[in-house]
J.: 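One structure coming up, written as structure tokens, with questions to follow.
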Amino acid sequence: MERSSHFILCNLLLAIIVSAGSAGYMIIEGWGLLDSIYMTVISLATVGYGEVHELSRAGRVYTLLLIISGMGFFIYVAGVAVQIMVEGRIRKILGRRKLSKKIGKLKDHYIICGYGRIGKVIYERISHRQGRKNLDLVVMERDEDLIAELEAQGILYVPGDASEEENLIKAGIDRARGLIASLATDTDNVFLTLTARQLNSSVSIISRAGDHRAKSKLLAAGADFVDSPYETGGFRMAQRALNPNLTNFLDLVFEWTRHDIQMEEMVATESSKITGLKLKESGIRVNFNVIVIAMQREDGTMIFNPSSENRIMPGDTVIVMGKTNDLEKMAEILNPGGEKTGGTP
């Protein structure tokens with residue numbers, strides 16, 4: 001039974017007992033309404049204030065029955081209260097265990113540390129990204145209000161301080177593919193980055209920097225990439241003023257709420273049937289109707305606007321733009337079976 005149902009039932013029983021008790025005194029003793037209600041309440045509460053008027057033999061018997069029924073009512077209320085507390089506690093424990101089991105099974109997932117304004121945008125951007133498969137997310141948050149929001153949305157999360165080793169281990173840092181540090185302060189992000197790097201030397205770490213002076217510290221702490229939301233926002237505003245059409249185009253490509261055109265990066269595997277072929281031989285443009293913007297070799301060399309003579313080699317990251325359906329088809333060709341590969345989201 002829901003808590004609201006218990007609450008309604010308790011109030012209904014109380015109203016019935018008080019009404020019946022008052023009516024009994026009015027009938028048996030002939031008292032007025034106020035005296036009858038008063039006698040009923042002090043009898044149920046057993047406060048011992050004394051009788052309002054002298055009770056008859058029948059009135060005393062009736063008072064005994066009223067007290068016994070009142071005791072039964074309060075025992076029921078106490079039982080309901082205990083039941084609600086125990087059920088809530090058990091539900092919380094079982095829910096936490098179920099959540100921990102799900103997180104414990106994850107591998108090559110991403111950990112988002114901090115679910116504030118930046119963290120929410122990051123989570124929504126990654127979770128709603130089209131054409132991306134087998135991408136699991138775990139959020140780490142210590143704010144109780146935000147934790148309640150995570151629970152309501154069914155998001156996998158680990159409660160507590162993200163910079164503590166124990167919590168990072170619970171989030172599966174040793175099996176994670178990447179970690180995004182989006183805590184409120186640069187100091188917290190530096191400490192988090194240091195701790196995460198010690199626990200997993202190969203995890204990809206992307207960190208937020210509130211101050212540009214913190215970038216060097218975050219990189220020294222072990223971050224692979226450092227972004228400043230303020231610098232990025234200022235740059236976009238400047239670009240919108242200087243190159244409005246270009247900015248509109250980029251918005252069209254990167255806006256996650258759109259489903260028609262997107263830009264993706266895909267890693268070519270050895271099992272792909274077009275690996276080793278030249279771009280003109282791969283049939284990418286003809287078969288998938290996508291544009292190859294750039295290719296990054298495994299050694300980090302970036303080839304912008306590759307020519308038709310460039311070959312797609314195993315481990316190459318191909319950056320393409322096109323419609324969602326076409327991108328998904330190409331991703332299946334480059335990486336048959338959806339095998340997880342390196343790279344950032």
Side-chain angles (χ1 to χ4, degrees), residues 106-110 122 124-137 175-180 202-206 224-225 227 232 235-236 239 243 245-345:
L106 297 181
K107 187 178 181 182
D108 292 330
H109 57 289
Y110 283 88
I122 294 172
E124 290 175 356
R125 178 66 180 88
I126 296 178
S127 61
H128 288 85
R129 186 169 184 174
Q130 301 297 310
R132 178 72 72 175
K133 298 179 180 179
N134 301 323
L135 187 59
D136 297 307
L137 298 172
R175 309 180 306 276
R177 180 180 178 186
L179 179 141
I180 301 175
S202 61
V203 67
S204 174
I205 300 178
I206 304 170
D224 297 291
F225 307 96
D227 283 322
T232 303
F235 175 78
R236 284 178 59 82
Q239 285 295 319
N243 303 295
N245 292 326
L246 173 60
T247 309
N248 291 336
F249 170 74
L250 293 175
D251 288 342
L252 175 70
V253 173
F254 290 108
E255 180 57 48
W256 65 267
T257 58
R258 296 187 62 91
H259 304 305
D260 46 1
I261 299 177
Q262 289 191 2
M263 189 180 293
E264 286 278 350
E265 64 176 51
M266 306 172 184
V267 180
T269 60
E270 289 194 24
S271 57
S272 172
K273 65 182 182 181
I274 63 174
T275 298
L277 300 180
K278 296 180 180 179
L279 284 177
K280 66 179 181 181
E281 300 169 341
S282 66
I284 289 177
R285 185 70 180 87
V286 176
N287 297 329
F288 306 109
N289 194 30
V290 298
I291 301 173
V292 179
I293 298 174
M295 294 170 57
Q296 183 175 7
R297 302 298 188 190
E298 277 196 298
D299 61 3
T301 303
M302 182 69 76
I303 304 173
F304 291 99
N305 190 25
S307 70
S308 59
E309 296 297 322
N310 286 113
R311 293 183 182 273
I312 302 174
M313 305 304 295
D316 282 358
T317 299
V318 184
I319 301 174
V320 293
M321 184 176 69
K323 293 185 177 180
T324 302
N325 293 336
D326 294 327
L327 291 173
E328 291 178 350
K329 293 176 183 177
M330 182 176 172
E332 182 59 31
I333 295 298
L334 280 174
N335 187 5
E339 176 187 354
K340 291 183 178 179
T341 56
T344 56

J.: Please determine whether side-chain contact (heavy atoms from CB on, under 4.5 Å) holds for the pair I333 and F288, giving the CA-CA distance in whole Å, both sets of side-chain angles, and the decisive distance to 0.1 Å.
T.: CA-CA 10 Å; I333 295 298; F288 306 109; 3.3 Å; yes
J.: Without swapping roles, check the side chain of D224 against the backbone of I205 for a donor-acceptor pair under 3.5 Å.
T.: yes
J.: How many angstroms lie between NE2 in H109 and CG in L179, if you round to the nearest 0.5 Å?
T.: 9.0 Å
J.: In Å, rounded to the nearest 0.5 Å, how long is the span from CD of E328 to NZ of K323?
T.: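 If I round to the nearest 0.5 Å, the distance is 13.5 Å.
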J.: Which heavy atom of L327 sits nearest a heavy atom of M321, and at what distance?
T.: CD2-C, 4.3 Å
J.: Distance check, rounded to the nearest 0.5 Å: I122 atom CD1 versus L137 atom CG?
T.: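 With rounding to 0.5 Å, CD1 (I122) is 10.5 Å from CG (L137).
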J.: Which of these passes side chain to side chain contact (heavy atoms under 4.5 Å, CB included) with L334: T269, I274, V267?
T.: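 Per the side chain to side chain contact (heavy atoms under 4.5 Å, CB included) rule, the option paired with L334 is I274, out of T269, I274, V267.
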J.: Do other residues, nucleotides or ligands put more than 12 heavy atoms under 6.0 Å from the CD atom of E309?
T.: yes
J.: In Å and rounded to the nearest 0.5 Å, what is the CD1 to OG1 distance from I303 to T317?
T.: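 These two atoms lie 11.5 Å from each other.
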J.: Does S204 reach the side chain of F225, with side-chain heavy atoms less than 4.5 Å apart?
T.: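 Yes, side chains in contact.
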J.: What's the verdict on side-chain contact (heavy atoms from CB on, under 4.5 Å) for M266 and N335, showing C-alpha distance, side-chain angles and the deciding distance?
T.: CA-CA 8 Å; M266 306 172 184; N335 187 5; over 6 Å; no
J.: Search all heavy atoms of R311 against all heavy atoms of G276 and return the closest pair with its distance.
T.: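 Smallest heavy-atom distance, with atoms named: NH1-O, 2.8 Å.
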J.: If you take all heavy atoms of A176 and V203, which pair is closest and at what distance?
T.: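 That closest heavy-atom pairing would be O-CG2, 3.8 Å.
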J.: What are the two closest heavy atoms between E298 and D316, and how far apart are they?
T.: N-OD1, 4.1 Å
J.: In Å and rounded to the nearest 0.5 Å, what is the CD1 to CG distance from I126 to D136?
T.: 11.5 Å
J.: What are the two closest heavy atoms between M295 and I312, and how far apart are they?
T.: CE-CA, 4.0 Å
J.: Do you know which two heavy atoms are closest between V292 and P306, and how far apart they sit?
T.: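 That closest heavy-atom pairing would be CG1-CG, 3.7 Å.
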J.: Look up atom CD1 in I319 and atom CD1 in I293, then write down how far apart they are to the nearest 0.5 Å.
T.: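 With rounding to 0.5 Å, CD1 (I319) is 7.5 Å from CD1 (I293).
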J.: Could you walk me through whether I284 and M330 pass side-chain contact (heavy atoms from CB on, under 4.5 Å), step by step?
T.: CA-CA 8 Å; I284 289 177; M330 182 176 172; 3.5 Å; yes
